[in-house]
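What's counted below: heavy atoms across the whole structure, side chains too, no hydrogens, waters or symmetry copies.
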Amino acid sequence: MCGKMGNNEIDSMKNMMAMSVYFVIADAFDIDAMDIEPNNDLEKDFHMTSSSQQDLSDSVADMFNGCQLDFSTIHNVQNIVDQIVTVH
């Protein structure tokens, strides 16, 4: 069974990857993935600590084939999605 989650195959793939990112973030911060919004700030909204940042980094690397996040440019959820979708 196939599902369409965008205007074309590329959009659908990006949207599926974004959903996966949301679940990785939810796991790292112990929150419900359905409560995550693209503009959620990692520090202000999720109270990111160095420990949760490392958990997130490790989980992203596990899920996305060794992808390493550049936290110097990450402030919100959409920044993470953009980094992962751009790399892959």
Heavy-atom side-chain proximity of Y22 to V81 below 4.5 angstrom: yes
Exam field: side chain S57 to backbone Q53, donor-acceptor pair closer than 3.5 Å: no
N/O donor-acceptor pair under 3.5 Å between S52 side chain and T49 backbone: yes
Chi angles and distances behind the side-chain contact (heavy atoms from CB on, under 4.5 Å) call for F29, D55: CA-CA 9 Å; F29 292 104; D55 288 345; over 6 Å; no
Smallest separation among heavy atoms of V77 and F46, with atom names: CG2-CE1, 3.7 Å
Closest contact, heavy atoms only, S20 versus F64: CB-CZ, 3.8 Å
Flag for N79-Q83: side-chain donor and acceptor within less than 3.5 Å: no
Contact summary for N39 and D45, nearest pair of heavy atoms: O-OD2, 4.2 Å
CG-CD1 distance between L42 and I25, expressed to the nearest 0.5 angstrom: 6.5 Å
Inter-residue atom distance I80.CD1 - T73.OG1, 0.5 Å rounding: 10.0 Å
Backbone N/O of V24 and side chain of D27: donor-acceptor pair under 3.5 Å: no
Within one Ile-Leu-Val-Met-Phe-Trp-Tyr cluster: L69 and F23, side-chain cutoff 4.5 Å: no
Residue pair I84 / C67: nearest heavy atoms and the distance that separates them: CG1-SG, 4.2 Å
